[in-house]
Amino acid sequence: MPRIQCLPGHVADLIAAGEVVERPASVVKELLENAMDAGATAIVVELERGGLTYLRITDNGCGIAPDELPTAFLRHATSKLRTAEDLAAIGTLGFRGEALAAISAVSRVDIFSRQKGADAGAMLHLEGGVPGEVTEAGCPEGTTICVRDLFYNTPARMKFMKKDSAEAAAVGGIVQHLALSHPDISFKLIRDGAEVLHTPGDGKLLSAIYAAMGRDFAMGLLPIDGSGGEVRVQGFVTKPLNGHGTRGRQVFFVNGRFVKSQLLQAALEEAYRNRLLKGKFPGCVVHITLPADMVDVNVHPAKTVVKFVSDKAVFDAFYYTVRDALDGENKPEALAPRQESFYQSMTVQEYREKAAAPVETKKPLGSYTARPAVPSVSAKPAVPAVHDVAEKGKPFTATVPARDGCEVTYHITPPSVQEKKVVQAAVELPVEPVQQKLEEKAAPWRMVGEVLRTYIVCEDEEENLWLIDKHAAHERIRFDALKADPQPLMAQTLLAPLTVTLAPEESAAVLENLDMLRRFGFACEDFGDGTVLVREVPSDIRTGDAASTLEELAQKLLLGRIDPEGVRDELFHTMACKSAIKAGMVTDKAELAALVEKVQSGEIKYCPHGRPVAVKLTKYEIEKMFKRA
Ligand code: ADP
Ligand code: MG
């Protein structure tokens with residue numbers, strides 16, 4: 001055994017450096033955190049060759065005094081903690097006072113810094129951690145750190161580096177995540193001379209998303225904001241029609257820190273169940289905020305794993321917030337706020353004051369000229385008469401006893417159609433003053449007709465044209481109904497049992513799940529050799545469709561061996577699809593009208609496969625097509 005020796009300082013530094021500085025992205029992360037700690041509001045990151053040959057970070061933060069420049073690069077030098085108690089307070093942040101020492105130990109560093117309000121700045125060059133002289137330098141307020149030839153003196157580490165493009169992508173990821181967690185700071189990333197990201201720093205998360213993740217992604221988002229207990233959930237999620245091919249656009253922050261979390265991913269995807277096309281994934285940028293003691297503090301700060309004290313609390317808060325947002329989306333009234341006619345938004349009290357302003361009073365006889373005929377509520381007994389006469393369309397005068405013993409005379413001009421509505425509202429007013437909002441049901445859409453035996457054409461009050469896919473709409477209604485009702489489906493016994501020949505594994509799946517199939521209205525028996533005898537079929541599917549339905553169910557049951565959770569919904573899909581009215585078939589007008597009502601109410605938006613049930617064309621869009629707008 002050789003003798004025990006203390007390591008020379010620079011060797012110890014190199015070992016420590018290895019723990020902090022793994023790759024260019026980790027350098028960028030440390031330097032960006034320093035810039036943010038320094039109160040910067042604008043930060044620029046430039047890199048060449050994935051950051052291995054050249055990395056420069058410029059901030060407009062508080063700057064460093066010239067005489068403190070060398071100190072900043074000493075190991076364990078920090079302005080951020082003084083005592084062991086401080087360490088406990090920021091214990092989760094890990095290595096402190098290490099970053100600059102570690103980075104400079106494995107590269108060539110130039111630092112330029114000028115404190116806010118100082119006349120001049122200073123610069124310092126370090127080579128493998130060894131500082132030169134501090135010299136005066138002309139530079140803007142803030143700090144610029146330039147890191148060249150990373151790992152030039154640690155070839156072993158150099159070998160671990162991936163292609164430049166991979167290192168640059170990792171840097172891009174760090175900048176993107178910090179930009180999304182700090183929308184109030186402007187981040188700019190320049191790679192090999194080209195600007196690849198630039199956030200405005202206007203404090204709006206959506207602006208940061210737009211700049212960091214692209215226009216298309218940002219335009220396809222829905223805001224979410226909710227909470228469950230002490231867990232707050234805010235941010236944006238993909239609209240169901242804008243699903244993505246991968247999970248790459250799911251970005252989660254917990255208490256401001258970027259994390260990867262299967263729990264959050266599961267809560268998100270669960271909220272989208274039956275709303276997305278198959279093979280599509282939701283994207284999101286979500287900030288979860290919760291008290292520090294609800295997150296496990298023993299998780300390494302540099303890692304992106306997170307552990308919650310209560311998984312359920314976090315799951316539920318996130319899941320329900322997303323669900324609520326998705327449920328609220330695309331309701332017609334949410335798309336186009338209805339113009340409020342005055343009586344819809346007023347309390348009874350306000351309504352009375354405005355509508356029944358007296359112009360002339362006589363004691364003991366009161367005389368009011370009311371136009372339209374909306375006297376005070378106390379005159380309710382007169383209203384039927386008003387109504388009668390108004391129907392005839394002639395002006396008239398009516399004198400009726402009021403509750404205080406006076407008489408009230410009304411001079412009434414027949415109401416226009418619009419005014420008639422007001423009369424109607426007056427009729428419905430309660431006699432006692434009640435502070436309650438009058439709600440009027442949205443006027444029904446006008447169903448224009450059906451085209452291509454598939455699409456129902458409607459017009460709404462705000463001059464929008466709607467096309468409803470009758471099959472998709474009905475399928476959704478069936479699906480929701482099937483899921484909500486735990487009773488087995490009604491079955492009809494066939495006069496002559498049906499024989500259905502299936503692939504061997506399919507018939508095995510059927511025979512393993514006879515009870516489940518009963519729930520769906522199928523009574524089956526083994527008929528040998530892969531053939532299944534069907535005695536009963538669900539009464540709401542056509543007999544001609546029974547065999548193909550069973551075949552489809554069998555295929556889904558097979559898949560269910562892999563994913564037993566998902567299979568129930570898949571079975572519901574099949575049943576809903578097969579029992580729904582079909583495109584191309586003649587459908588009763590009353591049935592179409594019922595579908596329109598469901599779509600109008602906002603109850604259904606997507607078919608169970610995630611396709612839209614209705615599309616809207618605004619008047620403006622139509623006018624644009626005709627070059628009128
Ligand atoms: P730590 O950030 O843990 O304190 P660092 O090695 O990253 O350790 O930085 C050492 C010190 O250098 C910081 O405490 C801070 O005072 C100063 N510093 C580093 N970067 C900047 C910067 N961009 N602007 C102002 N001060 C900085
Ligand atoms: Mg630091």
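Heavy atoms only: backbone and side chains are in, while hydrogens, waters and symmetry mates are out. Ligands are counted one by one from 1 in listed order, and the atoms in each one are counted from 1 as well. By convention here, the first residue in the shown sequence is residue 1.
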(request) Output all residues satisfying side chain to side chain donor-acceptor pair (under 3.5 Å) with Asp184, sequence neighbours left out; order by chain, then residue number. (result) none
(request) Measure up the Phe252 and Phe318 rings against each other and bin them: parallel (under 30°), tilted (30 to 60°), perpendicular (over 60°). (result) perpendicular
(request) Measure from atom 23 (N) of ligand 1 to every heavy atom in Asp59, Thr71, Ile145, Leu74 and give the option owning the shortest one. (result) Asp59
(message) Counting only heavy atoms closer than 4.0 Å, does ligand 1 sit against the backbone of Ala38, its side chain, both, or neither?
(response) side chain
(message) Is it true that, when you exclude Lys483 itself, more than 12 heavy atoms of the residues, nucleotides or ligands shown sit nearer than 6.0 Å to its NZ?
(response) yes
(request) Out of Leu69, Ile64, Ile103, indicate the one that has the non-hydrogen atom closest to atom 18 (N) of ligand 1. (result) Ile64
(request) Apply salt bridge (Lys or Arg N to Asp or Glu O under 4.0 Å) to the pair Lys162 and Glu167, showing each step before the final yes or no. (result) CA-CA 6 Å; Lys162 305 213 175 81; Glu167 295 304 331; 5.4 Å; no
(request) Could you tell me whether the side chain of Thr143 and the main chain of Ser113 form a donor-acceptor pair under 3.5 Å? (result) no
(message) Treating Lys556 as the side-chain partner and Glu570 as the backbone partner, does any N or O pair qualify as donor plus acceptor under 3.5 Å?
(response) yes
(message) For Ile57, which part has a heavy atom under 4.0 Å from ligand 1: side chain, backbone, both, or neither?
(response) neither
(message) Distance under 4.0 Å to a non-hydrogen atom of Ala72: what atoms of ligand 1 satisfy this?
(response) 10 (C), 12 (O)
(message) Are any of the N/O atoms on Asp37, whether in the backbone or the side chain, positioned under 3.5 angstrom from an N/O atom of ligand 1?
(response) no
(request) Looking only at distances, please establish whether an N/O atom of ligand 1 is found under 3.5 Å from an N/O atom of Glu30. (result) no
